[in-house]
Every structure is written in structure tokens, then in C-alpha cells.
Amino acid sequence: MNERMKELAERLITKHSLAEEEYQYLIENRSADAAAFLAEHAVRVRREIYGNAVFVRGLIEICNICKNDCLYCGIRRSNRSCDRYRLTEEQILACADEGYLLGFRTVVLQGGEDAYFSDEVMCGMIRQLKSAHPDCAVTLSLGERSLASYAALREAGADRYLLRHETADREHYERLHPPEMSFDNRMRCLNDLRALGYQVGCGFMVGSPFQTSQELAEDLKFIENFKPDMCGIGPFVPHHDTPFRDEPPGTLELTCFLLSIIRLIYPPVLLPATTALGTIAPDGRERGILAGANVVMPNLSPISVRNKYELYDNKICTGDESAQSRSCLEQRMSAIGYEIVTDIGDIRKGKRYE
Ligand code: 5AD
């Protein structure tokens, strides 16, 4: 590491903040040395707050029907080859019950933007989930909705909401999305969710088309300012039926480097080692944890629909039973010295960091 790299890394570790140009410098001049140094400190600060706990969230992919046409995504509406499905409320509740028996205390309902899952349907389901399992957190990941809708879902009992910002750069956002989607609405959603008292997750893909170190630096500055409760980052992985089919995937190396930086920017953040990371490398999720991540999200969706929720190619674990993916992750985590905890894993109960 040169002097400047060392100075920036040390300031990030002590002050949790850098200027946007400094984040860019860190990214452009990264080396194995710098990555190891940042990972060591990322793991240290995480350990101070969370010990060796890795939190699990049970992911239920409720539908792959989506009105949006994001250029990177395999379930975009113009993909005619996508075999569409929608789980019934009974199926969703049964998955959640199975998850509960397996020890999950957070269920994440994720799906495309599908009008079927209206406020009425979702609120009914959230109420049932909450009354069946009052000790569980309900996380939603259902894309962009109105303030009134987010308010109704929150009122029904939803605790958390995941909505990746995708990129903090307006022009980059426009190159990844069709004209009818807007950067401003994305940001409006994140701000509404926060104002309504949700624990909010944002995030972005590493190595998405047209992304440069400058956009990544903007993402880091956005995260520094927004201080999300959760932050989902994973490599872009091309899907064969999208306009980005021939684009190269993001790398394990850069994703891990950014995970360490994000941990240092906001030490208490809940940071998943994503399925996409496990998809580009067999030990991707372990490497993510060792870089500073502390969440894994095994799949609880029924096996019959697993391979249909295909946002990108070669997604892992599409054939595993819920119990299998849970015990598989438990083994993987214990092999690297971490323990999966079934705790609700609430950032607000962690040690306060200002
Ligand atoms: N590669 C990696 N991640 C993707 N997502 C969508 N498509 C892809 C892809 N091709 C991510 C987006 C979205 C989340 C649910 O999945 O960031 O917000």
C-alpha cells in the first residue's frame, strides 16, 4: 500500500467517512494488501458488535411476475421465456411455518412488482404471519409502491423493507432501467420507508454494465449518508434472456473489497453475503463473511418454483430443500468459525454506533 492508500484506509477505520474522490481512489488503487487490511478491520468492528454471529433470513420468492423491465433482470416483463408463477397465500404461509420450525425468525417476502399482491392481499398475509409467529420479523422486498401502500403494510405489521437503490448515479440508473422508471422515485421510496419507521435496506450490484469506480464511489457516499439498516450488495451476473446477456459478471474480489468498506463506513449495518456471490464462486458466501458480511439468506421457496425465480444465470441452491439449505449454510459458516444464530438479528438492539 502506498502512503495515500494507508492514510485513507486508516481514516476510514477511525472516522467511518471519506470524500467521494477518496472512495474512488481507494477502489482504483486497491491491492491484495489493502483488501486484507480493510477486511481485518471490518471483521474486527463487526466482531465488537455482533461477535461471531451470522444472522439468517428465510427468503420466500412469492412471484416472478413483474411489471418492470429492468435491463439486467431475468424476470423483466419483456422476457417471454420466463415461466411465470405466483405462490398462493396458503403456500406462502406454509413456507413461513416451515421456516419457523427450522429456526428462522425473519421471513423475507420477495417478488416482482405484481399487481395481484395488492395492499389488501399483502396486509392480510402480514397480519396472519404476525399472529402465527409474533416473535418473527417480517421483511418485504416488493419493489416500488406508494407512500400510502408502504404505510398500510407497515400498519399491518411489516418491520423491514429491502429496496436496492441499484446505483446512486442518476445517469447510470437511467442506463440500467427503462424510461418509465426513475431514479427520483427510487429515492422517494427509500425515504418514505425510512420515514414510516421501517428498517430499510438499500444496495447495488457490483460490476453492473457501465459502472465505473466513480459510480461505486457515489454508492459508498450514498450509503455513508443514508446509513441503511441493511445493505445488499452482490455481483452483477448476466442472464441469457436480457439485453445484458453478453456483459461480464462482477467479481468476487471487488465485491469483497466493497463489503469491507461498507462495514467500516457503518459498523452496525446488516450485510448479506448474497446468493449471487455464492453463484460466481463456490466459496463466495464464505469469502463475503470473511470480508465483513454478517447475514445469509437461504431460500424457503417451494422446490417447484425455485428455478423460476431466475434473476440471473446459474443461481445456486435451486434444488435444495429448505432444511438442506439451512444445514448446508450452518456447516459452511461453522467451517470458517462463525455461528448461525436464529435470533431476530435486529440492528436496533445492537450496540449503538453514532
Ligand atoms: N445479477 C445480479 N443481481 C441481480 N438483481 C437483478 N438482476 C440481477 C442480475 N442479473 C438484483 C437487483 C435486485 C435484486 C432483487 O436482485 O439488484 O434489486
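Just so you know, residue 1 is the first one in the sequence shown, and it goes up from there. Order of appearance sets the numbers: ligands from 1, and atoms from 1 within every ligand.
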Using a strict threshold of under 4.0 Å (side-chain N to carboxylate O), is an ion pair present between Asp114 and Arg86?
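Salt bridge flag = yes for Asp114 with Arg86.
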Using the salt bridge (charged side-chain N to carboxylate O under 4.0 Å, His left out) criterion, which residues pair with Glu218? Sequence neighbours excluded.
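Salt bridge (charged side-chain N to carboxylate O under 4.0 Å, His left out) list for Glu218, sorted by chain: empty.
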Donor-acceptor pair, Glu22 side chain versus Ala19 backbone, under 3.5 Å?
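Answer holds: yes.
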Under 3.5 Å: donor-acceptor pair, side chain of Asp229, backbone of Gly201:
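The answer is no, because no donor-acceptor pair under 3.5 Å joins these two groups.
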Show the protein residues that qualify under the rule heavy atom under 4.0 Å from an atom of ligand 1, listing them in chain and number order.
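Under the 4.0 Å cut-off, ligand 1 touches Tyr72, Cys73, Arg164, Glu166, Met205, Pro235, Phe236, Val237, Leu311, Tyr312.
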Please determine whether the number of non-hydrogen atoms from other residues, nucleotides or ligands lying under 6.0 Å from atom CD of Glu155 exceeds 12.
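Atom CD in Glu155 is not packed in, count stays at 12 or less.
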Ignoring hydrogens and geometry beyond distance, is a side-chain donor-acceptor pair present between His41 and Arg44 at under 3.5 Å?
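Their side chains do contain a donor-acceptor pair, which is all the 3.5 Å distance test asks for.
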